[in-house]
Asker: 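Mind having a look at this structure? Questions to follow.
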Amino acid sequence: MNAMRIFLTKLATHPLALLVLFVVVFFGAPYLRGATLQILSFALVSILFTQSINVLTGMAGQISLGHAAFFGIGAYGSAIIAKTFGLNLFLTIPVAAVVSSLIAYLLSYPAGRVKEVYLAMMTLGFGQIFLEVAREWTDLTGGVMGLSGVPSAGLGTLIILGHKFSTIDYFRVLLLITVCSMIFIRNFSQSRLGRSLFVMHYSELAAGSVGIARRQTKQLAYALSGLLAGISGGFYAHLVGYLGPESFAISRSIEVLVVAIVGGLWSSAGQVISAIFFTFLPEQLQLFAEYQFIAYGLILTFTLILFRQGIGGLLFLPPRFIRQAWLTTAVEQQRQATAANSKTNEPQFLKIQSVSADINVQAITMRFGGLVALNSVSLDIQAGHITALVGPNGSGKSTLVNIIAGVFPPTSGQVFLQGIDVTAQADVEMAKKGVVRTFQDPRLVPHFTVRENIMLGAHAMMHYTWLEAGLSMPRVRLQEAQALEQCNEILQLLDIEAVADQAVESLPYGYRRMTELGRALLARPKIILLDEPAAGLSDLEMTRLAEILVKLKHLGITVLLIEHHMDFLNGLVDEVVVLDSGSIIFKGDMLGMRQDPKVIAAYLGDDEVQHA
Amino acid sequence: MDFFLSLVIAGACVGSVYALVAVGLNLTFWTTKTLNFGQGAVMMLCAISTALLTAQGLSNGVAIITGVAIVALVGVIVERIAVRPALKTAGSMGWVIATLGFGILLQGITSKFFGSQAIPFPEVLFTVQDVIDIGGQNISLQYVSIFVVSILIIVVLEALTRYTVLGTAIRGTAQDMELAIVQGLPVNLIVSGSFVLSSIMAGIAGILTAQISGTVDPAFGFELVLMGFVAAVLGGMGSSAGALIGGIIVGIIGKLVGGYISTAAEHGIAFALLIMMLALRPEGFFGRAEVTKA
């Protein structure tokens with residue numbers, strides 16, 4: 001089974017095999033029957049449309065139940081412009097696609113604020129609004145009577161620069177565009193931006209913690225998805241020559257979801273197969289056409305539960321999110337470094353050149369409703385020190401870390417970073433200023449490898465745009481290669497090179513903790529905040545972690561960690577701060593803490609102390 | 001003015017059905033933070049079953065009870081096959097897609113076996129000709145009756161959840177499911193029950209709406225459940241009073257827009273309202289923003 005997957009994956013990603021396939025289809029088109037060519041054209045439109053869901057739902061995890069609207073905007077847009085101004089589709093489709101993209105971008109503002117149920121409802125509502133507009137704005141769309149006379153290759157009315165476009169020409173253009181879009185999306189998915197969409201899918205908090213701006217990332221996903229849907233809609237319009245509003249009803253939104261889900265939500269190859277399958281089936285098999293809705297219903301009900309990876313998961317290896325060639329180079333470099341046994345080195349790129357950063361917390365109070373989580377806490381975290389934050393559950397440790405990291409603003413009080421007031425700055429901003437954190441339970445992208453997860457940390461260090469990523473411009477390669485090199489150093493520091501290219505969901509807990517630490521480190525922190533980094537680690541792993549933290553200190557990084565494990569902290573930390581019920585009850589060294597009556601009381605309870 | 005008043009009254013009546021749908025959605029939202037996105041098909045199924053059974057010569061009462069019983073069963077099935085497994089394995093997208101799919105399945109089966117034509121719906125309560133005089137307006141008794149029935153059901157349900165042991169158990173489960181399990185509450189049963197009740201509410205809403213529209217077809221219910229969403233979101237998901245007020249507001253605004261601007265915009269305006277509300281105040285007018293621990 002796996003051998004087959006490896007073979008098919010090689011075939012589906014082999015440039016030569018793909019080129020041959022492309023050439024055969026491109027030049028074989030004239031030999032196909034007209035009807036077959038027509039269905040193949042529909043399949044290409046479906047592939048393009050599915051790519052749009054792939055970006056928004058598959059990658060960014062934003063569900064859309066109204067995607068037919070963007071398809072419709074592309075279709076009506078291109079048709080109306082072509083009819084009104086007599087322009088050809090090489091102008092009208094791009095214009096319509098940009099309009100669709102803009103509207104998707106605008107929708108991302110309200111949609112970006114909501115999740116799950118609400119997002120599903122909002123997109124459903126959006127789809128209905130579009131449908132109502134298409135039905136009622138008769139002057140523009142032809143209303144329920146539809147819009148006929150759209151220049152179409154099938155009807156022989158598509159004339160471009162005096163040349164009459166045949167169905168074969170049309171098919172070839174469509175094929176070319178589809179292939180280009182797929183290459184673009186492939187490149188994009190293997191870039192910092194593609195990876196950032198996935199982390200939004202699994203944890204928006206994790207995204208913020210390494211400086212991935214949530215809103216921009218969602219905007220990008222919507223705009224790109226809208227663009228692709230618009231292009232596919234435009235090609236649909238000139239393929240059919242007639243547009244009726246019912247073609248853009250909820251059933252089309254559902255159809256594209258069916259195709260994407262059956263194909264496998266991240267698998268382009270699976271989606272291509274699925275799109276072709278669902279286009280041909282109703283045409284070829286009358287029985288299927290009759291039971292189409294029942295089949296769609298069954299597929300949607302059970303696929304995500306029983307058959308989560310779809311066709312793509314069945315036939316192919318999971319897609320990867322670092323470009324294969326660059327990955328190979330990185331792995332090779334790593335192998336050489338291991339052979340040279342340069343293990344003792346600390347990653348020099350992490351070294352803090354100037355004076356390292358301190359954090360100053362002044363009279364921070366945090367209330368959640370009636371609960372006072374922190375009560376006027378003031379604290380200096382010394383630059384270049386390892387400071388531990390200890391205290392019973394619910395004493396406010398995580399809240400303090402969340403406030404410093406910018407996850408939520410305090411009710412009152414101030415936070416200073418190197419003497420500058422940074423109170424209530426968002427986590428994304430704090431991350432860019434060098435304050436990076438990990439979480440109590442690792443928040444990673446489960447199907448990403450260790451390396452891909454760590455690479456998320458380099459997001460804000462790379463600066464290329466989505467367009468450069470998609471077109472694979474030189475800057476992308478330079479920056480990715482540099483990040484991969486640094487990633488190697490971190491893998492080495494954390495001693496997890498052996499599992500670097502395994503999916504984290506398949507790895508034991510200790511590796512996930514290390515992966516998250518790696519992600520934080522690649523974001524080049526001045527201050528690293530670790531929320532219970534030793535929880536769930538074996539003794540061996542804990543010793544290793546302590547060594548790593550000492551190395552970070554040598555590099556000049558300020559470390560603040562929440563920890564319960566006193567043996568782990570012994571001999572490691574410079575200073576320990578004890579919180580109880582939202583107030584600091586002790587500050588000093590480990591020995592002093594162990595003897596402090598207040599600390600003993602907080603941990604063991606007053607009664608115990610009296611009896612002891 | 002008369003025209004305005006009649007629109008307001010009609011809007012309030014239709015809105016009360018939206019509220020009924022919204023309260024039904026709230027029930028499952030309380031227990032599992034999920035909604036049945038196929039709720040529209042449940043409404044359709046109940047209304048079509050009732051219509052078909054009366055056409056077979058059954059009395060209205062028996063037909064309605066049978067129809068409601070059928071959708072109650074559908075509620076159990078939806079929870080068991082589309083929600084419970086999806087919550088375990090597939091994250092939030094899983095149940096949205098699965099419940100939506102189940103709705104499409106029901107719709108597909110119905111149109112396959114009973115055709116996709118509209119079926120006339122019997123006049124269960126009063127006839128089109130029955131009117132009552134309210135403030136000088138002739139208001140259809142059908143409208144008035146659906147208002148009364150909807151409000152009655154919502155009030156009874158609210159009373160049940162507030163003042164009975166069962167209600168306390170449901171609210172307990174809503175607050176903290178894990179704690180409810182630890183306390184020995186039959187959580188699975190409560191969750192199932194919430195889906196059954198939710199389906200029953202949807203079914204009744206379907207019958208009430210079919211009463212006014214006069215016919216049902218397999219696509220029936222889709223817009224209605226969207227209106228129910230709008231009502232629920234406007235009032236704040238989970239709030240019964242919010243759902244009631246939200247529903248009536250949506251109903252009235254819809255009718256006013258339909259009466260003064262264009263009937264075409266009647267539904268569009270509600271969806272625009274939905275998007276605006278979600279963008280500006282997702283917790284609704286009456287809901288409280290959720291505080292979650294990071």
Side-chain angles (χ1 to χ4, degrees), chain A residues 57 61 63 65 107 109-122 124-129 131-133 135-137 201-202 205 250-251 254 257-258 261 265 290-306 308 368-369 371 398-399 401-402 405 407-408 439, chain B residues 25 29 33-35 37-38 41 78 81-82 85-86 88-109 111-112 218 222-223 226 229-230 232-233 237 262-280 282 288 291 293-294:
Chain A
T57 309
I63 193 166
L65 302 180
L107 185 69
Y109 280 86
R113 297 197 44 176
V114 294
K115 273 186 239 178
E116 303 180 0
V117 196
Y118 299 106
L119 182 63
M121 277 190 230
M122 185 188 273
L124 204 57
F126 176 73
Q128 286 306 107
I129 291 179
L131 193 59
E132 302 269 342
V133 171
R135 274 186 197 144
E136 305 298 337
W137 197 350
H201 188 160
Y202 290 97
L205 264 179
I250 175 89
S251 50
I254 287 166
L257 273 178
V258 168
I261 288 171
L265 268 177
E290 221 172 286
Y291 289 95
Q292 196 164 6
F293 265 83
I294 298 181
Y296 284 175
L298 282 171
I299 288 166
L300 284 178
T301 310
F302 295 108
T303 308
L304 274 186
I305 296 166
L306 300 177
R308 194 153 167 60
F368 294 106
L371 179 87
S398 288
T399 305
V401 164
N402 280 329
V407 173
F408 37 69
F439 297 88
Chain B
L25 294 171
F29 191 76
K33 287 267 180 289
T34 66
L35 305 176
F37 273 78
V78 166
I81 70 168
K88 274 191 197 130
T89 58
S92 68
M93 198 144 36
W95 63 262
V96 171
I97 304 266
T99 56
L100 184 72
F102 195 76
I104 294 167
L105 180 64
L106 286 181
Q107 202 182 321
I109 293 174
S111 51
K112 177 70 200 141
F222 177 67
E223 294 250 310
L226 273 175
F229 283 154
V230 182
V233 168
M237 287 300 305
S262 147
T263 45
E266 204 177 307
H267 286 159
I269 188 77
F271 304 136
L273 217 59
L274 171 75
I275 293 179
M276 258 163 48
M277 195 68 197
L278 284 174
L280 301 175
R288 251 200 264 148
V291 181
K293 197 177 175 218

Asker: Heavy-atom distance under 4.5 Å to chain A: side chain of B:I109, backbone, both or neither?
Answerer: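 Its backbone and side chain both get close to chain A.
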Asker: Within this structure, what is the CD-CD distance for the pair B:E223 and B:E266, rounded to the nearest 0.5 Å?
Answerer: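 Here the rounded value is 10.0 Å.
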Asker: Given that the side chain runs from C-beta out, which part of A:V114 has a heavy atom under 4.5 Å from chain B: side chain, backbone, both or neither?
Answerer: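 A:V114 touches chain B through side-chain heavy atoms alone.
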Asker: Between B:Q107 and chain A, which part of the residue has a heavy atom less than 4.5 Å away: side chain, backbone, both or neither?
Answerer: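 For B:Q107, no heavy atom lies under 4.5 Å from chain A.
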Asker: What part of A:L119 gets closer than 4.5 Å to chain B, counting heavy atoms only: side chain, backbone, both or neither?
Answerer: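 The answer is neither part of A:L119.
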Asker: Compute the centroid of each ring, for A:Y118 and then for B:F229, and state whether the two points are separated by less than 6.0 Å.
Answerer: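 They do not qualify: ring centres at least 6.0 Å apart.
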Asker: Who among A:P110, A:A295, A:A111 has the most heavy-atom pairs with chain B under 4.5 Å?
Answerer: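 Most heavy-atom pairs within the cutoff with chain B belong to A:P110.
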Asker: Could you tell me whether the side chain of B:S111 and the main chain of B:P218 form a donor-acceptor pair under 3.5 Å?
Answerer: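 Looks like no, no N/O pair under 3.5 Å.
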Asker: With rounding to the nearest 0.5 Å, note down the distance linking CE in A:M122 to CD1 in A:I63.
Answerer: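 If I round to the nearest 0.5 Å, the distance is 13.5 Å.
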Asker: Where does B:I81 contact chain A at under 4.5 Å (heavy atoms): side chain, backbone, both or neither?
Answerer: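 Interface part for B:I81: both.
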Asker: So which of A:Y109, A:F293, A:F126 has the biggest tally of heavy-atom pairs under 4.5 Å with chain B?
Answerer: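 Looking at each option in turn, the highest pair count goes to A:F293.
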Asker: So which part of B:L278 gets closer than 4.5 Å to some heavy atom of chain A, the side chain, the backbone, both or neither?
Answerer: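 Both the backbone and the side chain of B:L278 come within 4.5 Å of chain A.
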Asker: Please flag which part of A:L265 lies under 4.5 Å from any non-hydrogen atom of chain B: side chain, backbone, both or neither.
Answerer: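 Contact with chain B is through the side chain of A:L265 alone.
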Asker: Check the pair B:F29 / B:T34 against side chain to side chain contact (heavy atoms under 4.5 Å, CB included), numbers first and verdict last.
Answerer: CA-CA 5 Å; B:F29 191 76; B:T34 66; over 6 Å; no
Asker: Rounded to the nearest 0.5 Å, what's the gap from CG on A:L65 to CD1 on B:I97? Could you check?
Answerer: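 So the gap between those two atoms works out to 6.5 Å.
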Asker: What part of B:I275 is in contact with chain A, defined as an atom under 4.5 angstrom from a non-hydrogen atom: side chain, backbone, both or neither?
Answerer: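 For B:I275, the contact with chain A is made by backbone and side chain together.
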Asker: Measure the shortest side-chain to side-chain distance between A:V117 and B:V96 over non-hydrogen atoms and say whether it is less than 4.5 angstrom.
Answerer: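 No, too far: nothing below the 4.5 Å cut-off.
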Asker: If you measure from CG on B:L226 to CG on A:L124, what distance do you get to the nearest 0.5 Å?
Answerer: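 These two atoms lie 4.5 Å from each other.
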Asker: Shorter than 4.5 Å, heavy atoms on both sides: which option in A:I254, A:L257, A:T303, A:I299 has the most such pairs with chain B?
Answerer: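 Highest number of heavy-atom pairs under 4.5 Å: A:I254.
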Asker: When you measure from the side chain of A:T301 to the backbone N and O of B:F102, does any donor-acceptor pair fall under 3.5 Å?
Answerer: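 Yes, because the side chain of A:T301 sits within donor-acceptor range (under 3.5 Å) of the backbone of B:F102.
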Asker: Checking A:I261 against chain B: side chain, backbone, both or neither under 4.5 Å from a heavy atom?
Answerer: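 Only the side chain of A:I261 comes within 4.5 Å of chain B.
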Asker: Between A:S251 and chain B, which part of the residue has a heavy atom less than 4.5 Å away: side chain, backbone, both or neither?
Answerer: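 For A:S251, neither part sits under 4.5 Å from chain B.
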